[in-house]
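Below you'll find the structure, written out as C-alpha cells, and then a few comments.
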Protein chains: 2
Amino acid sequence: MSGSVAAEEDPLRLDRQVCFPLYAATNLINRLYTPVLRPLRLTYPQYLVMLVLWEEEPQTVGDLGARLHLDSGTLTPLLKRMEAAGLIARRRDPRDERRVLVTLTTDGRDLRAKALHVPATMGQGYDPAGVEELREGVSALVAILARHDGADKIGGDN
Amino acid sequence: MSGSVAAEEDPLRLDRQVCFPLYAATNLINRLYTPVLRPLRLTYPQYLVMLVLWEEEPQTVGDLGARLHLDSGTLTPLLKRMEAAGLIARRRDPRDERRVLVTLTTDGRDLRAKALHVPATMGQGYDPAGVEELREGVSALVAILARHDGADKIGGDN
DNA sequence: CACAACTATATTGTGCGCAATAGATGTGCA
DNA sequence: TGCACATCTATTGCGCACAATATAGTTGTG
C-alpha cells in the first residue's frame, strides 16, 4: 500500500464504524428477545407497540409511528397482525376519518402482567450503571438522528 | 396513575428500555445511509459485506457471518443479489466443497474508491470524541451479546 | 470400508422496514 | 362555494433477518 502514516487511518475499516456495532447489537438483541417474547406471542416490534399502548390509550397510527420512529408502511401490517391476534382494536376516528385509533382489548391489557418480568429477564447479568450510561448515550444519538430524519423535506440544514 | 412511589418504577416504560434506542438508532441510521449508498447501488448490509471483503479476500459465507453476526439465511440471498450486480463472485472451495468462497470482481474492487467519502459524509456534524465514546460502549455490548448468542447450543452459563 | 456424527451452505416461511405511490379526508383561501 | 393543498393511512414492491429444516460434504471410529 502507501507508505504514509495517514493512509493507515482507513475510514472503511469495519472496526472504525460506529453504525456497525449498533446494527449488530440490534440484531443480537432481537435474537435474544425472541425466545423471551414467544410465550407472550409477541415479536419485538409488537412488544414495543404494547409498551406504548400500556402507557397511553388510544393512540393513532401516527402517534405510534412518531414514538417508535416507524411509518405506516411498517405499522399498518404489524397492527393488523396484532388485531388478528386479539390484542388491539383499530377503528377510524369519528372526529377525523383520516385517523385510525388503536386501543387495547381486554386480552391486550391483561398481557401486561405477563410482560412484567421481561425487562428483568433480559437485563440479567448486566451492570446497571453501565447499561444506564449506554442508554443515555444512544438516546442522545437518537434525538440527533430524529431531527435529521425527514427534515430535508422542509428546511435543509436545521 | 398509582399513588405508590415504588409503582413509579415501572420497568415497562418505553423510556426505561435500553434496547429501544438501539433499535430506533439502527432504523434511523439505515434510513440516512440509503440515499448516500444509492449511487453505489448498495444497501447498508451489502455495504458492510463490501467493507469486510475490502479488508480481506476471499472469505467464506461463514467468515462473513461470524464477522457481521448474520447467518446463511440472511447472507445467501444477499450475496446472490451482489453476485447478480457483478460486485462479487461465489464458488465452492475445491479443498472443501461444503464451503463457498466469496471474492470481489474488478467492479467490486473499483467500487472502493467511490465509497471512500461515505464515512466522512455520514459523520458530518457529529462530535468525533462523543461518537468514539459511543462506539466503544456499543462495541463492548456487542462483545457481551455475541458471547451469549448461540452459546446455549453448547455449554449453558458461558 | 461402513457409517454415524458433525459441519457448511441453501431453502422455506414469516415478519419486519422502507421508498414510492395511491386514495381518502380535512383545511384554507380566493 | 369551490378547489388547490396538506394530512393521514393503506398498498406495493423489494430487501433484509431469522427459525426451522433440508441437503451435500467431511471426519472420526471401528
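Residue numbering restarts at 1 for every chain, and letters A, B, ... go by the order of the sequence lines.
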**Report entry** Between C1' of C/dC16 and CG of A/Leu42, the distance in whole Å
**Finding:** 14 Å

Query raised in the report: Is a side-chain donor or acceptor of B/Trp54 paired with a backbone partner of B/Gly108 at a separation under 3.5 angstrom?
Result: yes

Query raised in the report: If only atom types and distance count, is the side chain of A/Glu56 paired as donor or acceptor with the main-chain N or O of A/Val52 below 3.5 Å?
Result: no

Requested in this report: Mind listing the residues from residues 89-105 of chain B sitting with a heavy atom below 4.0 Å of DNA chain C? Number order is fine.
Outcome: B/Arg90, B/Arg92, B/Arg98, B/Arg99, B/Val100

Query raised in the report: What is the nucleic acid contact for A/Thr74, judged by heavy atoms within less than 4.0 Å: base, sugar-phosphate only, or nothing?
Result: base

Query - Closest-nucleotide ordering on DNA chain D, the 5'-leading residue of B/Asn30 and A/Pro77 - result: A/Pro77

Query raised in the report: With a 3.5 Å cut-off and just heavy-atom distances, do the side chain of B/Ser72 and the base of C/dA8 make a donor-acceptor pair?
Result: no

Report summary line: A/Asp71 atom CG is separated from C/dA22 atom P, nearest whole Å, by 17 Å

Query raised in the report: Is a donor on one side and an acceptor on the other found under 3.5 Å between the side chain of A/Thr74 and the backbone of A/Leu70?
Result: no

Query raised in the report: What are the residues of residues 45-52 of chain A, sorted by number, that bring a heavy atom to within less than 4.0 Å of DNA chain C?
Result: A/Pro45, A/Gln46

Query raised in the report: Same cluster or not: are A/Leu101 and A/Leu79 linked, directly or through other Ile, Leu, Val, Met, Phe, Trp or Tyr residues, by side-chain heavy atoms under 4.5 angstrom apart?
Result: no

Query raised in the report: Quick one: side-chain contact (heavy atoms from CB on, under 4.5 Å) partners of A/Arg81, sequence neighbours excluded?
Result: A/Gln46, A/Pro77, A/Leu78

Report summary line: ring pair (Phe, Tyr, Trp, His ring centres under 6.0 Å) filter on B/Tyr47, not counting sequence neighbours, yields B/Tyr33

Which atom pairs, one a donor and one an acceptor, fall under 3.5 Å between side chains of residues 113-123 of chain B and the rest of the protein, sequence neighbours left out?
residue	atom	partner	partner atom	Å
B/His117	ND1	B/Thr121	OG1	3.0
B/His117	NE2	B/Lys114	O	3.4
B/Thr121	OG1	B/His117	O	2.9

Report task. Taking side chain to side chain donor-acceptor pair (under 3.5 Å) as the test, write out the residues that go with A/Glu133, two or more places apart. Result -> none

Report summary line: Of A/Arg31 and A/Asp63, the one whose closest nucleotide on DNA chain D sits nearer the 5' end is A/Asp63

Query - Sequence neighbours excluded, every pair satisfying side chain to side chain donor-acceptor pair (under 3.5 Å) that has a member inside residues 86-95 of chain B - result: B/Glu83-B/Arg90

Query raised in the report: For B/Tyr33, which contact category applies under a 4.0 Å heavy-atom criterion: base, sugar-phosphate, or nothing?
Result: nothing

Output one line per pair: protein atom, nucleotide atom from nucleotides 12-14 of chain C, and distance, for all N/O pairs under 3.5 Å.
none

Query raised in the report: Atom CG of B/Leu79 and atom P of C/dA8: how far apart are they, to the nearest Å?
Result: 16 Å

Report task. Identify whether any heavy atom of B/Leu70 sits under 4.0 Å from a base atom; if not, whether one sits that close to sugar-phosphate; answer base, sugar-phosphate or nothing. Result -> sugar-phosphate

Query raised in the report: Sequence neighbours excluded, which residues qualify as side-chain contact (heavy atoms from CB on, under 4.5 Å) partners of B/Arg135?
Result: A/Val18, A/Pro21, B/Glu132, B/Ser139

Query raised in the report: Between A/Gln59 (side chain) and A/Leu53 (backbone), is there a donor-acceptor pair under 3.5 Å?
Result: no

Query raised in the report: Between C/dC18 atom P and A/Leu75 atom CG, what is the distance in whole Å?
Result: 9 Å

**Report entry** Side chain B/Thr26, main chain A/Leu22, donor-acceptor under 3.5 Å
**Finding:** yes

Report task. For A/Asp63, check side chain to side chain donor-acceptor pair (under 3.5 Å) against everything at least two apart and list the hits. Result -> A/Thr60

Query - chain A contact limits on DNA chain D, taken 5' to 3' with a cut-off of 4.0 angstrom to heavy atoms - result: D/dT7 to D/dA19

Query raised in the report: Tell me: CG of B/Leu78 to P of C/dT9, nearest whole Å?
Result: 15 Å

Query raised in the report: Which residue pairs pass the side chain to side chain donor-acceptor pair (under 3.5 Å) test when at least one of the two sits in residues 101-113 of chain A, sequence neighbours left out?
Result: A/Glu57-A/Arg109, A/Arg112-B/Asp10

